[in-house]
Every structure is written in C-alpha cells, then in structure tokens.
Amino acid sequence: MDSSPGPSNIATAAHAHVPYEQKWIVLKPIIKQPYIDEGRTLTHVAELMKEEHGFEANEEQYKITSTWLYRFWLYAFKSAKHWGKGPREWDAESLGFTSSGPMTPEFLSNAPSPESAIGQSAQSFLESQVHSANGIAEPTSLCRPLIHGSFYPPRSEPTSPSTSPSPDIQATDLFDEATWEKWSTSLVEQPFEKVLLNGLASNSFSNIQTSSLPIALPKVAKGFEESGGAFTEEAICFGVMAANSKLVEEMTKKRIGSKMTSKSPLHLAMSYLNAKKSCCLTVQTLLMNNQARAWDENLLGYTPFESLMTSVIRSHTSTAPGIVDVRLRDEKKFPGDEADICGRWSADDSNVREILSSNTPWIPFSWKHKFCHSSVQTVCHCLQQLAGRLPDKNPLLNGLFVKACSTCGMRMRLRPLHTLVLTAWNLANNGTHDEDLFGIIAVLLCMLKNGADPCQTAPVSFSTLSSRLGDSEIPSECDHKELKPSEFAESLPYHANPSRPLHDTRSSCISWSEKITMGWLIFLAILQQSEKEWQSTEFPISGPCLGSLHHRSYFGRDSRLGILWVAVQLEFLVHRRLNESDPWLSPRVDMRKLQEDFVQEDFSYIDSLKRYMKPVCSCGVVFSESLNYPRADEIAYGAYRVLTRSF
C-alpha cells in the first residue's frame with residue numbers, strides 16, 4: 001500500500017503553521033475554483049476546505065460572502081427591471097446597502113456561487129423557517145392588467161425618441177418611478193451585460209470590502225468578459241426574472257439560432273411572470289428568438305407547462321413544495337416566491353426585501369389572493385405561446401405530482417389535464433378564502449381550445465397521492481388505475497385529500513365553500529362535455545372559420561364551449577376590482593346559472609352570452625388582428641364598458 005502523502009495531506013501540512021488571517025489570503029484562489037468555477041455551495045466549499053486543506057472559515061466570513069451574493073443578485077435584478085429609464089446605474093447607496101440594517105440577509109448556509117445563483121430565485125439564498133410578517137406592510141390586494149401590444153400593429157400616435165441626458169441618481173426620486181425619464185437611444189444601446197460586468201469588477205453595488213471575499217472580483221469579471229456569450233446568458237436570465245421583455249428581446253435577437261445551453265430561461269420566465277409588467281411577452285420572446293423550446297425540461301424534469309402550474313400553486317395557495325413533488329419535501333418555498341404573477345409585489349420592493357432579510361424569509365400566505373383575472377390572463381396567454389410549438393400536446397409528464405407505486409415501483413406520470421386537475425384541487429383545498437375556481441376553469445377552456453385531449457388516460461393511485469396514509473395503511477397490492485381527466489376529477493372528492501391529512505376520507509367536499517363546490521362541478525362538467533365531443537367525432541375538426549379563415553377546432557361541433565371560452569376571455573380582459581369591496585367577478589358572470597346549464601343540458605345561459613359578443617366561431621375565436629390574443633374591444637359587441645367594470 002502506498003503510504004506517500006496525497007495532495008490534500010500535502011496542502012494541509014503546507015498550511016499547518018500559517019497564521020489564520022494569512023491562510024485565508026493564501027487559500028482564496030483555491031476557494032475560488034470550487035465556488036466560482038464549479039458552482040458548488042458554500043456548505044460544500046466549507047467541507048472541502050476543511051477536509052483537503054485543514055481550513056475552517058469562521059461564520060462571519062461565510063456570512064459576508066453570502067450577503068455579498070444577495071447584493072449582487074439584487075443589483076442585477078434591479079438594473080434589468082428598470083433598464084431604459086430612471087437611474088443609469090445602481091450603487092450601494094441607491095440600493096439601500098450603505099449599512100447593515102434590515103436590507104441585509106441573515107447568514108445563509110446554502111447560498112450558491114454567483115454563477116450558479118444568476119438565473120435562479122433570490123429565495124434560494126435564504127434558509128426557510130415559519131414566517132410571521134408582523135410589522136411589515138402588506139401589498140394591495142388590487143391588481144391592474146396590462147394590455148400588451150406586441151401582437152398588434154403599432155398605434156398611430158406620434159412618438160419621438162427621448163434625447164434626455166443620462167439620468168443622475170442624485171437628481172432622481174428613487175421612490176417615484178413616475179418622475180423617471182426614459183434614456184436616450186445611445187444609452188439604451190450600451191450592452192446590459194457590460195454594465196453588470198463593470199458593476200461586478202468595481203463592487204459599486206455593495207459596501208462590503210472585496211478584501212473580505214474569497215473572490216478576486218476584477219479577475220472574475222475579466223474571465224466572464226473573455227468567455228463571450230457565457231455571461232450574456234446570465235444577463236438574459238436577469239432580464240427574464242425582471243420581466244423586462246424589451247431588454248430580453250434586445251439581448252436575444254443578437255443570438256437567434258444560438259439556444260441557451262446552460263440555463264433554463266423558459267422555466268425561469270414561468271417562475272417570474274408579471275402580469276402588470278409583461279404578461280406573456282418574455283415567454284414569447286424566448287420562443288420566437290429560439291432561446292428555448294416549449295418542451296425543454298429543467299433539472300427536475302419539469303416541462304414549461306409544469307413550471308407554469310407550479311407558479312399558479314405558489315402564488316395562490318398555501319400548498320408546500322413537498323406536496324407537488326416529493327423531491328422538494330425539505331423545501332419551504334417555491335422558486336420565484338419573491339415575485340407575484342399578478343404583479344402586486346416584486347423582489348426589489350422594500351417590504352419584500354424586509355421579508356428576505358428576516359430570519360423567516362418567505363412570502364406570507366396573508367399576502368396572497370385568489371387566482372385572479374390578471375394571473376389568469378397571463379397564464380392563458382403563456383399556455384397559448386407553448387401550445388402552438390408543442391410536437392405532442394398530451395405527453396406523459398416527468399415531474400409535477402409524479403409518484404411511484406409503493407408496491408410495484410411504477411412511476412405514475414400524469415398528462416397535462418390530469419396535472420391541471422390536481423392544480424385545481426390545490427386551489428380548492430389550500431387556496432385563499434375568496435377562491436371560486438373561475439380562474440382554473442378559464443385555464444381548462446384554454447387548454448381544451450388548444451388541443452388537450454380529455455379522453456387520454458394516465459395511471460393514478462389515490463392511496464399514493466394521499467399524504468394522510470401511514471406506513472401501516474400502505475396497500476399490499478397495486479391500486480393504481482388508468483383514468484381519464486374527468487374520471488380523476490370526479491373521484492378526487494371521495495378519496496383522501498392529497499394536499500392535507502383528513503380523518504374522514506369522504507369529508508373533503510364538506511369543508512368546501514358553496515362557491516368552491518360550484519366551481520369544481522363546473523370544472524368537471526366542462527371536462528365531461530369535451531370528452532363527449534371527442535368521442536363523437538374525429539379531432540381536430542378542419543373547416544371554414546369566420547369567412548375566409550380556416551380553423552382546426554378542438555371544441556367539437558357544438559359551439560357552446562367555444563362561446564364560453566370567448567366569454568371568459570372578455571371577462572378576464574376587462575374586469576378588475578377598483579376597490580377592496582368590489583366583487584371578483586363582473587355582474588355578467590353567473591356561476592350558478594353556468595352550473596345549471598350543464599346539469600339541465602339546455603345551455604340557455606351560455607347562449608345568452610352571445611348578445612355581449614361579436615360573432616364567435618365554434619373553434620372559440622372571434623375575428624381579431626391576433627386570433628389567439630384578442631383585445632376586449634375586438635370581442636365585445638357594443639359598449640362593453642357598460643356591461644362590466646373596467647379599469
């Protein structure tokens with residue numbers, strides 16, 4: 001046996017008698033390799049340095065490093081979010097990092113390296129504990145829509161480019177975006193990634209001295225710059241997280257044909273959707289400029305659709321990550337927790353930063369509200385962006401809600417509609433007090449309109465889905481069966497609740513409110529109606545649509561589901577609450593009458609909706625400049641603003 005000392009023993013011996021402070025300096029380059037180059041976490045680096053070099057950094061040094069990482073993340077996020085207006089550059093003072101006050105996160109034992117952290121949630125820097133937001137201001141419950149215009153020709157209003165000088169931080173009211181001026185064309189044309197590299201090299205965003213870090217920042221910045229496109233991918237990810245679709249378009253149009261290899265930008269976009277700022281435009285840009293594909297999987301095996309459903313659950317329920325994916329059972333929050341789909345809060349808001357800097361850094365449930373119209377509009381538009389590019393509209397999925405049979409070990413992979421059923425189930429059981437399931441009904445209609453097959457089956461085991469089973473209750477034989485989405489939705493209320501423990505397996509419906517029960521029955525009835533249509537004819541149905549147009553209809557020959565889909569779009573396009581006391585649905589929407597339509601099968605209520613709308617094809621479209629993304633004035637017949645509240 002060779003008894004010669006190995007590399008780690010030699011290194012340990014070489015540093016054995018070096019004073020601690022000098023050892024820290026000597027080992028910085030060694031720390032840099034696993035931390036920066038290999039993307040390992042601080043915990044892994046600490047174990048490596050102890051084992052191979054006999055070096056143990058103190059807690060303060062690791063705390064400083066992880067705090068610096070958060071500051072760089074926020075600097076890059078804020079720069080991306082406001083790129084094109086306001087302050088030209090953000091520094092430590094304008095970011096609020098001039099003291100060790102409440103804007104500084106606590107010690108983060110699992111903070112990733114800057115490279116691996118870029119393009120990920122800021123929450124991954126933070127340990128999760130039970131959270132109480134006492135004393136921290138809650139965001140408004142009112143949300144506003146965005147009428148995005150990229151699907152339509154530009155309006156005829158005269159425009160003139162701004163020629164204002166470079167905005168000065170000191171001369172700008174940082175707390176009033178309404179006063180911020182747009183940049184001149186020459187400023188916007190400077191590469192965003194170059195600004196980030198300059199900030200990284202100068203450390204201008206932080207008052208933490210670079211001598212305290214195990215990183216030679218100028219060398220790191222130079223290395224990124226020499227790597228060419230590598231840092232551009234990082235910069236694109238910050239644009240995606242900040243929901244700045246114009247910035248993402250500027251960076252990606254230079255890379256058309258060069259798909260991002262080391263990142264999952266589409267999944268990142270699904271985690272950081274912002275209805276107030278960009279709706280689905282970031283998703284559209286990534287797909288159109290070939291930076292991602294609609295079926296790309298992330299490290300967990302999720303498709304973009306699954307990441308989208310995860311964001312719905314994260315933003316509108318109290319469901320824990322381990323419920324949707326057993327691999328996340330040790331996680332306390334989802335990626336993108338610091339972003340809200342309907343845009344009511346963002347990672348750089350002061351109250352969110354207070355949450356992130358506390359010992360219990362996650363968004364409290366009290367901040368959330370029902371699956372609202374702003375979120376629904378964004379989710380449906382994202383689904384339509386994906387649907388037109390999918391080679392298979394009904395695949396067996398690999399990630400979300402996937403469980404293994406406790407007896408035979410088979411992985412029970414769900415299809416998209418089955419996944420939607422479980423998303424609806426979590427909204428029904430773990431949603432906010434004002435949830436009524438209108439939003440998930442809209443998503444169901446959107447998926448059916450775009451080709452989701454209600455007749456395809458997937459393996460389901462109710463005993464495996466249930467979190468209430470103890471070891472003694474695990475069945476001795478396989479109990480999974482192939483179910484259609486409607487069969488799955490119909491059976492769920494009569495089995496153990498898969499999202500929380502119950503003593504009575506048949507009591508879950510009893511705890512639902514009347515509006516939740518009504519919403520669930522409508523959701524189920526739409527699935528059953530669509531299934532009936534698919535069984536009676538061959539899909540898709542091709543034929544004339546609105547005159548000279550040609551369509552591929554997935555709703556069937558009965559036009560009522562198509563009418564309902566267009567009516568739902570009109571609702572989520574024009575109705576927003578203006579006051580806290582306003583209803584979530586406009587007076588035009590009557591869920592009880594809608595349920596009665598399906599029970600009595602006369603569809604008189606759905607037929608009555610036609611009087612509010614221009615002619616609707618059975619495939620679920622009205623004539624508009626962009627058929628899949630109509631504006632409210634392209635749907636509504638007459639003065640639609642009289643029919644419902646408008647914003």
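Computed from a predicted model, the values in this text were never measured in an experiment. We use all heavy atoms of the structure for the numbers below, so side chains are in, but hydrogens, waters and symmetry mates are not.
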Between S530 and E533, a side-chain donor and acceptor under 3.5 Å: no
Closer than 3.5 angstrom, by distance alone: can the side chain of [X] be matched with the main-chain N or O of [Y] as a donor-acceptor pair?
{"X": "N430", "Y": "T317", "answer": "no"}
{"X": "S608", "Y": "Y605", "answer": "yes"}
{"X": "N394", "Y": "D453", "answer": "yes"}
{"X": "S375", "Y": "F371", "answer": "no"}
{"X": "D337", "Y": "I363", "answer": "yes"}
{"X": "H575", "Y": "P583", "answer": "yes"}
{"X": "H316", "Y": "H369", "answer": "yes"}
{"X": "K277", "Y": "K81", "answer": "yes"}
{"X": "R344", "Y": "C143", "answer": "no"}
{"X": "E306", "Y": "G399", "answer": "yes"}

Charged N-O contact under 4.0 Å between R592 and E514: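 Here R592 pairs with E514 in a salt bridge, since their nearest N and O are under 4.0 Å apart.
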Salt bridge flag under 4.0 Å for residues R631 and E634: yes
Would you say that [X] contacts [Y] through its side chain, given a criterion of any heavy-atom pair below 4.5 Å between the two side chains?
{"X": "C446", "Y": "W565", "value": "yes"}
{"X": "K403", "Y": "S461", "value": "no"}
{"X": "N579", "Y": "L142", "value": "no"}
{"X": "K370", "Y": "L437", "value": "no"}
{"X": "L417", "Y": "F488", "value": "no"}
{"X": "M591", "Y": "I441", "value": "yes"}
{"X": "L328", "Y": "L300", "value": "yes"}
{"X": "N426", "Y": "F401", "value": "yes"}

Parallel, tilted or perpendicular: rings of F603 and F598 (30°, 60°):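 Plane angle over 60°, so perpendicular.
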Going from [atom1] on [X] to [atom2] on [Y], what distance comes out if it is rounded to the nearest 0.5 angstrom?
{"X": "L492", "Y": "L422", "atom1": "CG", "atom2": "CG", "value": "6.0 Å"}
{"X": "F365", "Y": "S318", "atom1": "CZ", "atom2": "OG", "value": "4.5 Å"}
{"X": "T423", "Y": "L400", "atom1": "OG1", "atom2": "CG", "value": "6.0 Å"}
{"X": "K449", "Y": "Q569", "atom1": "NZ", "atom2": "CD", "value": "8.0 Å"}
{"X": "S536", "Y": "E531", "atom1": "OG", "atom2": "CD", "value": "11.0 Å"}

Salt bridge (charged side-chain N to carboxylate O under 4.0 Å, His left out) contacts touching residues 386-400 (sequence neighbours left out): none
Step-by-step side chain to side chain donor-acceptor pair (under 3.5 Å) determination, S346 to D348: CA-CA 6 Å; S346 179; D348 62 329; 3.2 Å; yes
Audit row: F555, S618, side-chain contact (heavy atoms from CB on, under 4.5 Å) steps and yes/no: CA-CA 7 Å; F555 277 138; S618 61; over 6 Å; no
CA sep, side-chain torsions, deciding dist, call: I341, S311, side-chain contact (heavy atoms from CB on, under 4.5 Å): CA-CA 8 Å; I341 293 183; S311 290; 4.0 Å; yes
side-chain contact (heavy atoms from CB on, under 4.5 Å) between W362 and I355, intermediate numbers included: CA-CA 6 Å; W362 66 31; I355 294 286; 5.6 Å; no
More than 12 heavy atoms from other groups under 6.0 Å of CE on M288: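 It does not: M288 CE has 12 such atoms or fewer within range.
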Qualifying residue for side chain to side chain contact (heavy atoms under 4.5 Å, CB included) with L397, from V402, T419, L414: T419
Trace of the side chain to side chain donor-acceptor pair (under 3.5 Å) decision for W512 with N429: CA-CA 7 Å; W512 285 355; N429 286 283; 3.2 Å; yes
Pair listing, ring-ring contact (aromatic ring centres under 6.0 Å, His included) test, anchored in residues 437-459, at least two apart: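 Sorted result for residues 437-459: H373-F438.
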Closest non-hydrogen atom pair between N298 and S307, with its separation: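 That would be ND2-OG, 3.8 Å.
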Test log, rule side chain to side chain donor-acceptor pair (under 3.5 Å), inputs E580 and S141: CA-CA 7 Å; E580 298 280 351; S141 68; 2.4 Å; yes
Result of checking H418, R415, E482, K481 against T457 for side chain to side chain donor-acceptor pair (under 3.5 Å):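 Filter result, single survivor: E482.
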Residues Q377, H381; criterion side-chain contact (heavy atoms from CB on, under 4.5 Å); working and verdict: CA-CA 6 Å; Q377 175 182 336; H381 284 188; 3.9 Å; yes
